[in-house]
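Take a look at the structure set out below.
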Amino acid sequence: MGDGERHQPLDLTDRVRSLLVPFDAWRLRPGSPWVAAIPARMTVPAQGWKLHLSATPASVEQVLDSVVPDLARDGVAFKFAASVDIVRWLTSRECGRAEFGKVVTVYPANDADAAALAARLHERTAGLAGPRIMSDRPIQPGSVVHYRYGGFGSRRRLDHDGIYRELLVTPDGSELVDPREAWFVPPTWAPNPFDEAAESPTEQEKKAVLLGDRYVVRQAFRHSPKGGVYLASDRDTGTEAVVKHARAHAEADLAGRDARDRLRHEARMLRWLETYVPVPTVLNLFEQDGDLFMAERRLAGEPLRRWVRVHASGAPGVPAAKAVPMAQELTALVRTVHGAGLVLRDLSPTNVLVAPDGTAQLVDLEAAAPAGTFARRTGTPSYRAPELVAGPDDVRTDPAEDLFSLGMLLFLLATGNDPLLPPGERATSDRLRDWLATVAPHSETARLLVPTIVGLTVERPSDRLDLASVQRQLAAAAERFVVPLPVAALLPDADRLVDDGLAHLVATMTPDDGRLWPTGGFGGQTDPGNVQHGAAGILSVLLRAQATPGVSGAARKAANWLAARPDEDPFLPGLYFGRAGSAWVLADAGHALDEPQLAERAGRIAERLPVAWPNPDVAHGLAGAGLTMLHVAHRTGRKDLLKRAGLAADQLLDVAKRSELGITWPIPTTFASQLAGTCHYGFAHGVAGIGYFLLAAAHATETSRFFYLAREAGETLCRAGQLDTDGAAWWAAGPTDRTRLPHWCSGSSGVGTFLLRLYAVTGEQHFGDLAAAAAKASYRARFQSGPAACHGLAGDGQFLLDAAAVFGDRTYQQWAEDLVPLLAARSCVRDGLALAADETGRTVVADYNVGLAGVVDFLHRLRHGGPRPFMADELLGLELHTEKTHEGAARC
C-alpha cells in the first residue's frame, strides 16, 4: 500500500446484499463479528457437517463473489464476516485458534449435500488466498474450503463451569458439548461424507517433528494462529535453536502481504542489526508445506518483564540501583538502532531479553523498518505510540514511535506494572504522571524517572524527549539527583469514583436486551443473571447504594428483570457462576425494596439448588449453594432451607480428603469441568470458602460436626501458609503450586477472610495472627495488583475493612484508604465520568467480580460503611460493619 492510501473498515454487508438481489426471500440478520444470511424456504438443521471458508482482507470480496450466488441459488443458509476489519481480526494472532480463519460459515441442509457443496465451492474458489483453518480439515490441500462436524447454533447449554456451550445430540439421544477445539475433532458416531485423503493442519504439525531436515522440535514456546515458536535441536551443529513458524495467508493485509513476508522481513532486519546490537543470529530460512520457517540462534536471558518482576519482588518498582542502569542500557540500545537507520516499532517487555550479565538484547524484530519508509501499523498495546493506534494500514516510520515505547518501558521499571490504562479523555502522559505520583512516595525509582517518562510519552511525536536528553537525565538519576516529588493533579477521589460509577451503571442498563449490562468477551459466554459477570452482582451494588439519587429505580427494574429470568438446566449451584447468586440477591432485593414476591422467587430458586454436587467450592459449587440456602433462610424465615443447607454440609463432610497436608476438597477428575482434578486453598475455589460455609452452617443449624470440620480447615490453611521475614503470610493456589498469591479467589485475602472469622468465633489467637499476616501480604502487594474484586485491589480492600472491624484497629482501615489512589490512577474519564478499569486494565465493564461494580462496592463500603457483600456473617453473630468515614477519618 502506497503513500496516502488509508485504512478502511469496508463493510461487506452491502456487497452480499447486492449478490442476493436476483434471488427471492433472503433475510440478512446483522451482527458482529458475523452477519447471518437466512433463506425463507430452508430449515437449518440443529447440527451436522458444516463448511468454513477462509479468506484474507485482499481476497474476501472475491471469495464472497464466488460462493454467494451458488449458496443463494441452492437456498443454503450461511454467515459471513461483517467487514474487512473483522476478516483482518479473524486471520490475525489476536483471534482464538478455534475461530481463526472462519470468514464464511455454510450450513448445508443435510450431510449428503455437504460433500457435493464443498466440492463445488472448492472449484469456485480455486486459486484464491486464505489461511488454513486450524479446527477444520481442508477439502483439498491448499483449499480455502474446510469442514468439521458441529452444532449450527440452535442448541446451547451451560456447562458445569457456568459457560454456555453448543450441544450435540448423539444417535442414542444423549447430549454432549461440541468440543470446538483448535484442532479437527470429528465425532466417532457421525459418518464422514468427505474424502479422507487430506490431512488436517494438526496432523501435519504432529508429524513435523523434524523441520527443514535439520531441526528437531523439542518444545513449543508459543502457538498462535499466525504460527508457532519452537525450541529445537540443530542436528548439524548439536546446538539449540529457536524456530519461528509463519503460516501461509495468516495476518494478511489488503496488499496481500502475510506472516511469511513478515518473517522474511524479520530475517533481513536481524542481519541488518547483528553488527550493531545483540540480536539472534539467523541460521536458516526455509519453506515446508507452504509455510515459512526461520531458525535462529537461541540467546541466553530472560524477558524484561520477568526480570522486573524478580527484582521488584512485590515492591513498587525495581530498586534504583538496578533500574537506572537498565534504563541507561535500554536507551543506549535504542539510540544505536536509530543510528543504524532503523526504527524498532515494537519495543515491549517481551521483545527485550536481559542477558545474565545485564545486557539488553532484542528479539522478535518483524516490525522493525528503515526510518522514513512506509511499514505496517503495528505495536504491542500499552507500549504502542498513540499515533499508531488507529489510522492507515501503512504509516511512515518515525523514531519517535520508539521514544514513546521506551518511556513505557521506563514506567515498567519505575512501578513494576505494565502501563495498562483504559481509553479516556485525558492525555496518556498526564495519566502516567498521576499514576507515578501515587507510587513515588514509596519508590525512589519512580521519583528519579518521572520527568523522563513524562517527557517521552507526550502525545505529539515532535514534542518527545530526544535520546541525548534522555541519557543526560538518566546520568543525573544515576547520581541520585533530587527530583521534586510529583503531585497527582487530577486523580478522582473515592466519592467521585462511587458516584460516577453508579451513574454509569444506571445509564448502561439495558432491560430489553438479553443481558442487563454489556460485558467483556468471556463474560458474554456466561449466565446473564450470575454474580461474576451478570445482573445479580451489579444489582447487589445498586441495592446497597439506594440512597444515591436515581439508583433506587434502576435497582427495582434490575430486580424484576432478574426475577423474570427463566430457570434453565443444569441448575448450577455456585454462588458466583451459578443460580445461587440470583437467589441471594433477590432475597436482598425483596427486603430492601419491600417487594415480597422477589423474596418468594429467591426461595423458589434456593429450594432447587442441589445438596450434592461434585464441585465443592463457593464460586461454582456446593459451598456456594449452601451459603445461599443459609442466607435466603435468614431473609425469609424458611426453615426447610436450613435443613437443605445441613444436607449440603454433610455432603462436604463425606467427600473431604485427609492427608499429611490436612483436610482438602479436590474436585473429582471424572467431573466434566475445566477445574477437574484441581485442589485449591483459596476462598473462591477451595478450603477457605468451604470452611467458611461449614462455620456458618454450624451456627445456623447448631451442628457441632460442621464446626469441627471448619476448624480443621482453618488448621490446614495455617500449615499451608508461607510467612515472610516481615510477617506477611502468603498462600499458593493449592498444594501442588508454588506461586505466592495475595488475592480473594486464590491467596492471602481470601484465606484471611475465613481465618479472620474463625478467630472472631473461636478466639484462638493463631487464627487471628495469621489473618493479620494475610492482611499485611495483601496490602504489600497493592502496587502490582489490578483493580478487580476477584483478584485485585477491590477484593483485598474488602478484606482489610473486615480486619479493621474484627481487630478494632484503624491501621487496616487506613490500609484500605491507601488503595483508593491506586484504583484512581488506573481509572479513565469518559463522558465526564471517572470510571474504574476492569481486570485487564484496558477497558471498563460493569461486571461485579472483574469490573466496575466490584470496585464501586468496595469504595461505597469504605465511604458509607456496612457489611461485606455475599457473606453470611450475621449467622455467626458477627457484625463486621465498618462505619461511615468522614474526610478520610476511619472508624470501625
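Both backbone and side-chain heavy atoms feed into the values below; hydrogens, waters and symmetry mates do not. Position 1 is the first residue of the sequence, and the numbers go up from there.
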Treating [X] as the side-chain partner and [Y] as the backbone partner, does any N or O pair qualify as donor plus acceptor under 3.5 Å?
{"X": "Ser59", "Y": "Ala55", "value": "no"}
{"X": "Asn110", "Y": "Asp113", "value": "yes"}
{"X": "Asp258", "Y": "Glu251", "value": "no"}
{"X": "Asp527", "Y": "Gly529", "value": "yes"}
{"X": "Thr125", "Y": "Leu128", "value": "no"}
{"X": "Trp89", "Y": "Val84", "value": "no"}
{"X": "Glu459", "Y": "Thr428", "value": "yes"}
{"X": "His249", "Y": "Arg247", "value": "no"}

Check step by step if side chain to side chain contact (heavy atoms under 4.5 Å, CB included) holds for Leu211 and Gln288. CA-CA 8 Å; Leu211 297 175; Gln288 186 166 314; 3.7 Å; yes

Please list, chain by chain and in numerical order, all residues satisfying side chain to side chain donor-acceptor pair (under 3.5 Å) with Thr350, sequence neighbours excluded.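 For Thr350, the residues satisfying side chain to side chain donor-acceptor pair (under 3.5 Å) (neighbours in sequence not counted) are Ser348.
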
Do [X] and [Y] make a side-chain contact, defined as non-hydrogen atoms from C-beta onward lying under 4.5 Å apart?
{"X": "Arg97", "Y": "Pro225", "answer": "yes"}
{"X": "Met269", "Y": "Glu266", "answer": "no"}
{"X": "Thr840", "Y": "Leu420", "answer": "no"}
{"X": "His160", "Y": "Phe577", "answer": "no"}
{"X": "Val104", "Y": "Val106", "answer": "yes"}
{"X": "Trp189", "Y": "Asp172", "answer": "no"}
{"X": "Leu562", "Y": "Leu516", "answer": "no"}
{"X": "Lys244", "Y": "Leu263", "answer": "yes"}

Check this for me, if you would: do [X] and [Y] make a salt bridge, where the nitrogen-to-carboxylate-oxygen distance has to be below 4.0 angstrom?
{"X": "Asp70", "Y": "Arg120", "value": "yes"}
{"X": "Arg257", "Y": "Asp394", "value": "yes"}
{"X": "Asp65", "Y": "Arg15", "value": "yes"}
{"X": "Arg262", "Y": "Asp253", "value": "yes"}
{"X": "Arg579", "Y": "Glu568", "value": "no"}
{"X": "Arg345", "Y": "Asp402", "value": "no"}
{"X": "Glu287", "Y": "Arg264", "value": "yes"}

Residues, nucleotides or ligands: over 12 heavy atoms within 6.0 Å of Asp831 CG: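 12 or below, so no.
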
If you count the non-hydrogen atoms of other residues, nucleotides and ligands that lie under 6.0 Å from CZ in Arg157, is the total more than 12?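 Check passes, neighbour count above 12.
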
Compare every heavy atom of [Y] with every heavy atom of [X], then report the nearest pair and how far apart it is.
{"X": "Val845", "Y": "Thr519", "result": "CG1-C, 4.1 Å"}
{"X": "Met509", "Y": "Ala558", "result": "SD-CB, 4.0 Å"}
{"X": "Ser135", "Y": "Ala98", "result": "OG-O, 3.6 Å"}
{"X": "Leu90", "Y": "Lys102", "result": "CD1-O, 3.6 Å"}
{"X": "Gly290", "Y": "Arg260", "result": "O-NH1, 3.3 Å"}
{"X": "Pro108", "Y": "Leu117", "result": "CG-CD2, 4.4 Å"}

Measure the spacing between [atom1] of [X] and [atom2] of [Y] and express it to the nearest 0.5 Å.
{"X": "Asn849", "Y": "Ile538", "atom1": "CG", "atom2": "CD1", "answer": "11.0 Å"}
{"X": "Lys50", "Y": "Phe152", "atom1": "NZ", "atom2": "CZ", "answer": "6.5 Å"}
{"X": "Leu28", "Y": "Phe80", "atom1": "CG", "atom2": "CZ", "answer": "5.5 Å"}
{"X": "Glu123", "Y": "Ser66", "atom1": "CD", "atom2": "OG", "answer": "12.0 Å"}
{"X": "Leu167", "Y": "Glu175", "atom1": "CG", "atom2": "CD", "answer": "5.0 Å"}
{"X": "Arg376", "Y": "Leu388", "atom1": "CZ", "atom2": "CG", "answer": "12.0 Å"}

Checking [Y] against [X]: is there a side-chain donor and acceptor pair closer than 3.5 Å?
{"X": "His122", "Y": "Ser143", "answer": "yes"}
{"X": "Asp85", "Y": "Ser83", "answer": "no"}
{"X": "Ser382", "Y": "Asp418", "answer": "no"}
{"X": "Asp838", "Y": "Thr843", "answer": "no"}
{"X": "Thr91", "Y": "Lys226", "answer": "no"}
{"X": "Tyr149", "Y": "Gln47", "answer": "yes"}

Ring centroid separation Phe522 to His533 under 6.0 Å: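 Distance test on ring centres: under 6.0 Å, yes.
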
Please find out if less than 6.0 Å separates the ring center of Trp26 from that of Phe78.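 For Trp26 and Phe78, the ring centres are under 6.0 Å apart.
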
Side chain to side chain contact (heavy atoms under 4.5 Å, CB included) involving Asp178 - partner list, sequence neighbours excluded: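 Expected list: Arg148, Glu166, Leu168, Arg180.
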
Chi angles and distances behind the side chain to side chain contact (heavy atoms under 4.5 Å, CB included) call for Arg137, Trp183: CA-CA 9 Å; Arg137 179 164 285 178; Trp183 53 87; over 6 Å; no

Working note: Arg384 + Asp346, criterion salt bridge (Lys or Arg N to Asp or Glu O under 4.0 Å); need CA distance, chi angles, decisive distance, verdict. CA-CA 7 Å; Arg384 175 176 52 200; Asp346 189 12; over 6 Å; no

Going through the checks in order, is the side chain to side chain contact (heavy atoms under 4.5 Å, CB included) test met by Thr526 and Gln532? CA-CA 9 Å; Thr526 69; Gln532 188 84 2; over 6 Å; no

Using the side chain to side chain contact (heavy atoms under 4.5 Å, CB included) rule, take Phe100 and Ile133 through it: C-alpha gap first, then chi angles, then the decisive distance, then the call. CA-CA 6 Å; Phe100 175 74; Ile133 295 175; 5.9 Å; no

Would you please classify the geometry between the Tyr147 ring and the Phe194 ring as parallel, tilted or perpendicular, with 30° and 60° separating the classes?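 Answer is parallel, since the angle falls under 30°.
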
With sequence neighbours excluded, residues passing salt bridge (charged side-chain N to carboxylate O under 4.0 Å, His left out) with Arg460: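 Per chain and number, Arg460 pairs via salt bridge (charged side-chain N to carboxylate O under 4.0 Å, His left out) with Asp463.
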
